[in-house]
Structures are given as structure tokens and as C-alpha cells.
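Okay, so here's the structure we're looking at.
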Amino acid sequence: MNDGRSGERPAPETGGATGGLSRRGWFLVVAATVAVGLGLLVVGVLATGILTGNGGAAASSAPPAVPAHTPDLENAPRRLGLPPRPTATHVATVPSQPIASLKDGDCLQTYDSKWADGYPVVDCSAPHIAQLLTSGTLPQAVGAAFPGTGSLDSQVSDLCEPFLNWHWVAIWGEDVQLDLRYPDTAEKWATGDRSYYCIVYTFSRHELTGSAVAGQ
């Protein structure tokens with residue numbers, strides 16, 4: 001019979017054998033499914049713990065790692081261009097000249113300290129240990145306060161470095177040393193001395209030939 005509710009269909013019965021499970025039946029199915037899932041989860045957790053425990057035991061029983069080989073840096077090949085350290089003792093064969101009488105570019109046959117009173121000067125084509133790059137007088141007035149070694153180091157370095165042959169430096173590499181001689185205490189500074197000297201040599205005190213001065 002058409003009761004005027006066109007387009008609507010009645011809901012299916014839930015209590016009969018052909019209408020599907022009842023609400024109580026669906027609840028039992030869901031409960032059973034959840035119980036099975038929880039059981040599987042517990043089994044999985046226990047299995048993981050057992051495997052992890054066995055793995056830890058295997059790791060602890062493994063032999064200790066062999067330490068890496070330590071390289072022998074003392075006997076390792078040196079950087080290209082860096083000469084071997086000499087073994088000969090250098091002895092002057094010419095008289096020393098006072099430091100104040102040296103000329104820029106003079107080559108020093110021996111060199112033990114930047115504070116020596118004088119040095120033996122030889123031709124730069126002959127073996128020598130050091131060379132006077134340049135020298136001069138600092139511009140500070142006689143009565144000026146002592147500026148400190150840090151400030152003077154920077155000032156004298158700026159005066160010296162333009163005279164250094166950088167091609168020569170590249171050949172000798174990290175062995176190159178530059179000594180800066182100037183009045184480095186307040187007492188020396190108070191005497192009015194403003195002389196400075198720039199002396200180049202190698203840390204290994206290797207015998208050199210030729211000039212380290214730019215343009216020579």
C-alpha cells in the first residue's frame with residue numbers, strides 16, 4: 001500500500017535469521033577480534049625482547065676491536081719543498097760585523113740569535129743560514145711612550161714583509177722564520193733607540209743559497 005512516503009525504504013529486520021547478526025552478535029564478534037589482536041601483540045613484544053636479549057649477548061661476546069694503527073709522524077715524508085733538517089754544526093769562517101754596520105740584503109753565514117752584537121757576512125751565493133731583509137728606524141719620537149711588543153710586532157712586520165721574496169717562501173714552505181729585532185722593552189725604548197731589523201732564516205737552520213729579498 002502506498003502511504004504517501006515515496007522514495008523511502010523500510011529498515012531491515014535485526015532479529016531474524018535472514019536479517020544479519022543482532023546487535024549482541026556484532027558485539028561478541030568485535031570483542032573476540034580485539035582479544036585475538038591483543039594476544040598477538042603480547043606475543044610479538046615477548047619475541048622482540050628475546051631477540052634483543054640474544055643480540056646483546058652476542059655483541060658482548062664479540063672480540064674487542066683492534067685499535068687503529070698510529071702513524072709514525074716523526075719518520076713520515078715531509079711536505080713537498082720542505083728540506084730535511086741538517087746535522088752539520090755551522091761554524092763561521094769570516095769575522096763578524098757589528099749589527100749596525102750590516103746592509104740590507106746581507107747574508108749571514110751563521111745565525112744563533114737575533115740579539116747577537118754582530119754576524120759573519122758572506123756572499124749570498126755561498127751557503128748561509130740567515131739574511132737581513134731590511135732595516136730602518138721607527139718613526140716614533142724619542143720621548144714617546146713604549147707602545148708594547150704587540151703593537152711593535154705588527155708595525156715592524158708591516159715594514160718587513162714587502163721585502164720578502166714570496167717565491168722563495170713557497171719553496172721553503174713552513175720552515176721559513178722571520179725574526180723582528182727592535183727595542184722590545186720599556187727600558188730599551190726609553191734610551192731613544194728606534195732601530196729595527198728583519199732577519200729571515202729557516203727553523204731547521206738549513207744552509208741557504210741565493211737571496212730571499214724581493215727583486216734580487
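- Contact of the Gln109 side chain with the His90 side chain is not registered, since no non-hydrogen atoms from C-beta on lie closer than 4.5 Å.
- Under the side-chain hydrogen bond (donor to acceptor under 3.5 Å, both in side chains) criterion, Asp179 pairs with Tyr111, sequence neighbours left out.
- Here the side chain of Gln131 pairs no donor or acceptor atom with the backbone of Leu108 at under 3.5 angstrom.
- Considering every non-hydrogen atom in both Val200 and Val176, the closest pair reads CG2-CG1, 4.0 Å.
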List, one per line, each side-chain donor-acceptor pair under 3.5 Å for residues 114-121, sequence neighbours excluded.
unit_1 : atom_1 : unit_2 : atom_2 : d
Lys114 : NZ     : Leu180 : O      : 3.0
Tyr119 : OH     : Ser113 : O      : 2.5
Tyr119 : OH     : Lys114 : O      : 3.3
Tyr119 : OH     : Ala116 : N      : 3.4

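- Every pair tested for ring-ring contact (aromatic ring centres under 6.0 Å, His included) that includes a residue from residues 123-142 fails, sequence neighbours excluded, so the list is empty.
- Residues passing the side-chain hydrogen bond (donor to acceptor under 3.5 Å, both in side chains) test with Thr191, sequence neighbours excluded: none.
- Summarising the geometry of Asp175 relative to Ser204, their closest heavy-atom pair is OD2-OG, 2.6 Å, with the distance given to 0.1 Å.
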For residues 143-155, which side-chain N or O atoms pair as donor and acceptor with protein atoms under 3.5 Å away, sequence neighbours left out?
unit_1 : atom_1 : unit_2 : atom_2 : d
Asp153 : OD1    : Tyr182 : OH     : 2.8
Gln155 : OE1    : Gln140 : NE2    : 2.8
Gln155 : NE2    : Gln140 : OE1    : 3.4

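- For Phe163, there are no ring-ring contact (aromatic ring centres under 6.0 Å, His included) partners at least two apart in sequence or on another chain.
- Atom CG of Asp106 and atom CD of Gln97 lie 6.5 Å apart (nearest 0.5 Å).
- To the nearest 0.5 Å, atom CG of residue Leu102 and atom OH of residue Tyr197 are 7.5 Å apart.
- Every residue two or more places apart in sequence or in another chain that forms a side-chain hydrogen bond (donor to acceptor under 3.5 Å, both in side chains) with Thr134 is listed here: Asp104.
- Scanning both residues, Ser211 and Trp168, for their nearest heavy atoms gives O-CD1, 4.0 Å.
- Residues in residues 154-216 take part in these disulfide bond (SG atoms under 2.5 Å apart) pairs, two or more places apart or across chains: Cys160-Cys198.
- Cluster partners of Val122, by chain and number: Val94. The rule joins Ile, Leu, Val, Met, Phe, Trp and Tyr whenever side-chain heavy atoms lie under 4.5 Å apart.
- Note on Ile199: it does not cluster hydrophobically with Leu138, by side-chain heavy-atom contacts below 4.5 Å among ILVMFWY residues.
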Going through the distances and angles, do Leu133 and Leu178 end up as a side-chain contact (heavy atoms from CB on, under 4.5 Å)? CA-CA 9 Å; Leu133 285 181; Leu178 183 63; 3.7 Å; yes
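- Here the closest heavy-atom approach between residue Ile99 and residue Arg181 is recorded as CG2-NH2, 3.6 Å.
- Counted by atom type alone, Thr202 and Gln177 present zero donor-acceptor pairs between their side chains at under 3.5 Å.
- The disulfide bond (SG atoms under 2.5 Å apart) contacts involving residues 96-149 comprise Cys107-Cys124, where partners must be two or more places apart or lie in separate chains.
- In this structure, the side-chain contact (heavy atoms from CB on, under 4.5 Å) partners of Thr137, at least two apart in sequence or on a different chain, are Arg194.
- The side-chain hydrogen bond (donor to acceptor under 3.5 Å, both in side chains) search around Ser195 returns Asp193, not counting sequence neighbours.
- No path of Ile, Leu, Val, Met, Phe, Trp and Tyr side chains, each step under 4.5 Å between heavy atoms, connects Leu159 with Leu132, placing them in separate hydrophobic clusters.
- Listed here is the closest heavy atom pair of Ile129 and Leu208: O-CD1, 3.7 Å.
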